[in-house]
Enquirer: 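Below is the structure I would like to discuss, written out as structure tokens.
Residue numbering restarts at 1 for every chain, and letters A, B, ... go by the order of the sequence lines. These numbers come from the heavy atoms of this one structure, side chains and all, not from hydrogens, waters or symmetry mates.
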Amino acid sequence: MPETSPVIVWIRRDLRLSDHAALHAAGQAGRPVIPVFIRDHTVDDLGAAPKWRLGLGVGHFAETLAAKGSRLVLRAGPAREVLEQLVDETGAGAVWWQRAYDPASVERDTAVKSALKDRGIDAQSFAGHVLFEPWTVETKQGEFYKVYSPFWRAVHTRDVAEPLPAPDRLPAPESWPESDALDDWRLGEAMRRGAAVVRPWVQLGEEAAQARLGGFMSGKIGAYKDGCNAVAEDGTSNLSENLALGEISPAQCWHAGLRAQEAGKEGAETWLKELVWRDFAYHLLWHTPHLPESNWRPEWDGFPWNEDERRKEVIAWKRARTGIPFVDAGLREMYVTGRMHNRARMVVASYLTKHLMCHWKIGLEWFEDCLIDWDPASNSLGWQWTAGSGPDAAPYFRVFNPITQRERFDPDADYVRRWIAEGQRNPPETALAYFDAIPESWAMSPEDDYPEPVVGADEGRKAALAAYENRDF
DNA sequence: AGCTTATTGTG
DNA sequence: ACAATAAGC
């Protein structure tokens, strides 16, 4: 007798129909499918912007499912309790989901899987959030990789499974279990008035993500090798926002990149390498789950980083009035759009950790509050890489000079003018939007004089190097 | 996926 | 005078 009980598909950071192994398998099974999204502690713990963006994504995905004759059931509470309750309510015999690799999710999913199996439920997790499962990439010594280049060499010729099609149909259950109303969750509450400013920059959902990918493949990927660094130009794929919530899968991106490479597009390999950086970050997060919490190299614990968030340098950095135009431009771009050009991310991070000598966790947490493309793996690796405390890190002496970086990557200062209003007679809308997004308590106005640097480019470099001279490691 | 300074090369 | 290169931070 074939199994006929419903399958619960537990939707998490995988808000798509295509290339979704759990949904695909459920669609193939010929059983009723009950997609459910759970607001548990991993959702409640998110920063303001990613939580708001998640709410938009969940709402959009619910509409997508509804258009297919299905639904997205919303429930709040500890995932294990919610799923056990739903199994009882619906008579489901299976709970399937796509794996996550951050420590909080791993701990939760492990407990959920064993609890469901104890009840005789078919609990299964599927691959899909990364290209290469973290435990399948090993050095010759059987260790995980700690340096990017050999990781790239180990994986870049591997086969990545062709993306799965969207399920033809998702049979509805005889009756739908009750669902919370998304609005009642108030996932956007912490964004306050910033949401209105950021919203026009959001490209929501699977279709928009595919359009972004298609546009990039027929356009900017050819010039990506240099274009990825030109901060004033829109030379990147802009897919981070969609990848973070699984509105597109890395395998879909990978195959598109391979096709571009076969078509002779020069920038394709550079872009494929970026996708592998994302995988490398998850590889490291899986094997060393303390990556977001503490120095990956413990010898850095003794480094005299400032950890006091009330210090004036930290306040100036968060409010994007450090007096260094490139730094402030990047931070304002993030506040207005919920994203920041990767080149600017490196520069603002280097300035915070080296010139201002502040702990990378201050920056990591600020990014988590502000980024709609927040990704726990990429951000943890990126901050520790910049600070010097991480795997394959920039050595302590590799200090970005925010003045020469601007000259090199924003030669006409277009990016700086786009985001900094002070000192301009007719500031562009983008620069003025920043003042609509920020809290009034910051007491900033586009008519202010642009501030003097809190720490100058040269003196900051000297101070950082001097601090390292006094290290005891 | 760096910066700075010293040194050597070029006109 | 300036560009390319090397070495150390």
Enquirer: Heavy atoms, side chains only, cut-off 4.5 Å: are A:I362 and A:T353 in contact?
Expert: no
Enquirer: Round to the nearest Å and state the distance from A:Y468 atom OH to B:dG2 atom P.
Expert: 19 Å
Enquirer: We want to know whether A:E206 and A:T64 form a side-chain donor-acceptor pair, criterion being a heavy-atom distance below 3.5 angstrom.
Expert: no
Enquirer: Send over the distance from A:F397 CZ to C:dG8 P, rounded to a whole Å.
Expert: 11 Å
Enquirer: Rounded to whole angstroms, how far apart are NZ on A:K354 and P on B:dG2?
Expert: 12 Å
Enquirer: How many whole angstroms separate atom NE2 of A:H355 from atom P of B:dG2?
Expert: 15 Å
Enquirer: Can you tell me the distance, in whole Å, between the CG atom of A:D458 and the P atom of B:dG2?
Expert: 18 Å
Enquirer: So A:F400 and A:Y351, do their side chains get closer than 4.5 Å, heavy atoms only?
Expert: no
Enquirer: Nearest whole angstrom, please: distance from the P of B:dG2 to the CZ of A:F409.
Expert: 6 Å
Enquirer: In whole angstrom, what separates A:Y396's OH from C:dC9's P?
Expert: 6 Å
Enquirer: Could you tell me whether A:E469 contacts a base, only the sugar-phosphate backbone, or nothing, with contacts defined as non-hydrogen atoms closer than 4.0 Å?
Expert: nothing
Enquirer: Under 4.0 Å, heavy atom to any atom of DNA chain B: which of residues 340-348 of chain A qualify?
Expert: A:N342, A:R343, A:M346
Enquirer: How many Å lie between NZ on A:K462 and C1' on C:dG8, as a whole number?
Expert: 16 Å
Enquirer: Just to confirm, is there a sub-4.0 Å distance from OP1 or OP2 of B:dG2 to any side-chain nitrogen or oxygen of A:S350?
Expert: no
Enquirer: For residues 398-413 of chain A, which residue pairs qualify under salt bridge (charged side-chain N to carboxylate O under 4.0 Å, His left out), counting only residues two or more places apart or in two chains?
Expert: none
Enquirer: Give the ring-plane orientation class for A:Y148 versus A:F280, where under 30° counts as parallel, over 60° as perpendicular and anything between as tilted.
Expert: perpendicular
Enquirer: Please tell me if A:R398 has a side-chain N or O lying less than 4.0 Å from either OP1 or OP2 of B:dT4.
Expert: no
Enquirer: Determine the contact category for A:T386: base if any of its heavy atoms lies under 4.0 Å from a base atom, sugar-phosphate if only primed atoms, P, OP1 or OP2 are that close, otherwise nothing.
Expert: nothing
Enquirer: Distance only, no hydrogens: is a donor on one side chain within 3.5 Å (strictly under) of an acceptor on the other, for A:N242 and A:R212?
Expert: yes
Enquirer: Under a 3.5 Å threshold, yes or no: a donor from one side chain and an acceptor from the other, between A:W360 and A:N295?
Expert: yes
Enquirer: Which part of the nucleic acid, if any, lies within reach of A:Y148 when heavy atoms closer than 4.0 Å are counted: base, sugar-phosphate only, or nothing?
Expert: nothing
